[in-house]
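Note sheet for the following structure.
What you see below is based on every heavy atom in this structure, not just the backbone, and it leaves out hydrogens, waters and symmetry mates. Chain naming here is simple, since letters A, B, ... match the order of the sequence lines and numbering starts at 1 in each.
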Number of protein chains: 2
Amino acid sequence: MVMEFLDERSKQILYAVVQSYISKPDPVGSRFVTKKYSFGFSPATVRNIMADLEDLGFLSQPHTSAGRVPTDKGYRFYVDSIMGVREAGEFDSENGDFVRQFAKKIENIRSDVNNMFVEVTNSLSMMSNYIGVVTPPRAEKTIFNRIDFIRYKEDKVVAILLTEEGVIKNKIIGVDPGLKQDDLNRIADYLNTEYSGQTIDEIKNLLVKKAYREKALWDKLIARAIKIYEQAIAFTEDDVYVSGLYDVMNLPDFSDISKIREISKAIKDKHIILKFLDELSDSEGVHVFIGNENPVEEMKNLSVVASTYKEKERPMGVIALIGPTRMDYSKAIYMVDTIAKCISRTFD
Amino acid sequence: MVMEFLDERSKQILYAVVQSYISKPDPVGSRFVTKKYSFGFSPATVRNIMADLEDLGFLSQPHTSAGRVPTDKGYRFYVDSIMGVREAGEFDSENGDFVRQFAKKIENIRSDVNNMFVEVTNSLSMMSNYIGVVTPPRAEKTIFNRIDFIRYKEDKVVAILLTEEGVIKNKIIGVDPGLKQDDLNRIADYLNTEYSGQTIDEIKNLLVKKAYREKALWDKLIARAIKIYEQAIAFTEDDVYVSGLYDVMNLPDFSDISKIREISKAIKDKHIILKFLDELSDSEGVHVFIGNENPVEEMKNLSVVASTYKEKERPMGVIALIGPTRMDYSKAIYMVDTIAKCISRTFD
DNA sequence: TATTAGCACTCTCATCATGAGAGTGCTAAT
DNA sequence: ATTAGCACTCTCATGATGAGAGTGCTAATA
């Protein structure tokens, strides 16, 4: 962000190297740059500039007589200060009418939110050739629509929680066998009429507060409601949708077995990804983590481009792409951003 | 099954080769066999026998001066006629009190069936180092416990289907906006009182039959019930639980990148696996598919060991292990079999 | 003074030859 | 019927060689 101190020429060269390396992961040499991008310089001049860029830490050499390769810092500068984000028109001409197609697709499966996320994740990875990740709306942040309890066997009840977004959660909870279906209905009615429209988390707080404030009114109903509600919303799951490991294996970056192991390990424990992405879900806009900038140890050799999608201005979840540091950032940012907005729109 | 014509010595040698190759994927030579397993033969004799086994198609040589490697046919004979299935005691001493541990584990999460399948799949792959696969009970075969409809937005209804096994399915379906909650309740009541205890599929047939037979009685309620029920049970999902790709990558068999691609491709399209395993779910016992015996093209280089689990004698779903043809069949069969029985037991 | 041509130098990579090692198949002896 | 002996084959690790690509430095140039 700060390092605006590169002169125009250096930027051009850095741009050329990054672009070239992104499109093909071979170290790029001075001669190649002069030929492919016809700036007015000779290879010798480019060599000098490259040497400077290397001193600054933007480029590095795999070995003495190889071309240059961007470093994480180089990508960072490229992303911040050189690269233009792709425009819709430009992108669509490469990819067909991408945005419209996509919008249509999710419109069709809008009604089944789960399924929608699966589809989005698949589309993401297929269109980008990177790994697509989508986190569904965090339960706590979604808006309560209604809850229902259905008796199931003697001492068990199925709690069905509906959110305004159309996410359906269900869970079998154990209850006092004395609790009749009538009681359950009363508890459900109580919750549904009093609290519809609040977020799941708010309701929890309100319930607890109410219990304290109105100790006098404290009756069995509310006590039971709190207890059962807390059980019902304690969804254990850390569900994240991840897709595209197979596609990513076809990238030359992962032609090495150890690289594949690495990336598999990174996405194996979904709760690690979830935790990482969850922290983003409070902030807006597109986030880019390049290689070692990445907070997750397992991803120090990968890059992540992520954006939050929202419902009525409140961030709900995250959609992201994971790929090699040699990522087409421009495209990735465009895709993640566009799709996030697309999803936000369907939620409104 | 048929080829019982090998003499004892040949069997011993084949056994030795397979065992040795399973424990370490190096072609096994005549000298090695005589040293490791002290039968009374000299290497030369073993060589002769091996040559015979090769003529019969049980062994093959990677190249002239290498040792022998079992063929698919060799494994098949080994599995059918030579190998003993591991005994509980024997296995447990290697793996701690495996069965008991496992039984305990699934008992704990019994109430949440989905979660249980996730856990089972993970345990399978972790304990075996192969890929664990579990198919949940096929919706059509499960026993209907009850269905409920909850109004959601103007023209949408959430159908909640409970099965006797504790599987909960939900789906948002579109309905005639004129349908009141009262109507929905009546439909639900009708289905719940009339059809509880039948399988999902049977109910569908019964409903249709009823509609035909009692044309006179044909009323709006039944018509609606059929329509809405059919929508509700049309669960699109092909959900299969798969786990262990990462673990399997540490096997020497998959040290080659193309092998990994292959296996990834095989398990990428879950509906392929599902379709394949589904066909097994009508039959009982443990099934073993070795390499090219495999009906799925993508798995011609892999082996599959599968068994069905049952509820009250009716096969419900399949649990399986996918690994290299050089699989520890004895262990795999034992594991799959035991776990399937374990699950069957908890369902009763 | 900034750029560039020229050139020696470095490093990789593919190719080839070499030889040790492992294992075989065959023949002749037991 | 089995086995010892031996020539033979194939792989694999090692090292040498040379082409190719790209650099850094120096001296010439605009």
Aromatic plane relationship, A/F41 with A/F39 - under 30° parallel, 30 to 60° tilted, over 60° perpendicular: tilted

Rounded to whole angstrom units, what separation is found between the CG atom of A/L59 and the P atom of D/dG24? 11 Å

Length of the line joining B/H63:NE2 and D/dC10:C1', which is rounded to integer Å: 6 Å

Under 3.5 Å for both donor-acceptor distances, Watson-Crick or wobble: does C/dG23 have a partner, and if so which one? D/dC8

Using a cut-off of less than 4.0 Å, is there contact between a side-chain N or O of A/S65 and OP1 or OP2 of C/dC11? no

As a test of reading the structure: which of D/dC10, D/dG24, C/dT3 is closest to the side chain of A/R9, going by heavy atoms? C/dT3

If we ignore angles and hydrogens, is there a donor and acceptor under 3.5 Å between the side chains of A/S243 and A/S125? yes

B/Q61 CD - D/dC8 P separation (whole Å): 18 Å

Is the ring pair B/F289/B/F276 parallel, tilted or perpendicular, if the boundaries are 30 and 60 degrees? perpendicular

Any salt bridge linking B/D7 with B/R9? Criterion: basic side-chain nitrogen under 4.0 Å from a carboxylate oxygen. no

Residue that, paired with B/V296, satisfies side-chain contact (heavy atoms from CB on, under 4.5 Å) out of B/I272, B/D269, B/L277: B/I272

Heavy atoms within less than 4.0 Å of DNA chain C: which residues of residues 26-38 of chain B have one? Give them sorted by number. B/G29, B/S30

Looking just at side-chain N and O atoms, do B/Q19 and B/Y37 make a donor-acceptor pair shorter than 3.5 Å? no

May I ask you to decide whether B/D253 forms a salt bridge with B/R326, counting only side-chain N to carboxylate O separations under 4.0 Å? yes

Test item: side-chain donor near acceptor, B/Y329 and B/S303, under 3.5 Å: yes

Is there a side-chain polar atom (N or O) of A/R68 under 4.0 Å from OP1 or OP2 of D/dG22? no

A/E54 CD to D/dT23 P, straight-line distance once rounded to whole Å: 10 Å

Do A/K73 and A/F58 form a cation-pi contact, if we require the NZ or CZ to be under 6.0 Å from the six-membered ring centre and within 45 degrees of the ring's axis? yes

Please give the nucleotide sitting opposite D/dT2 as a Watson-Crick or G-U wobble pair, both distances under 3.5 Å, or none. C/dA29

Tell me, which of residues 40-50 of chain A have any heavy atom that sits under 4.0 Å from an atom in DNA chain C? A/G40, A/F41, A/S42, A/A44, A/T45, A/R47, A/N48

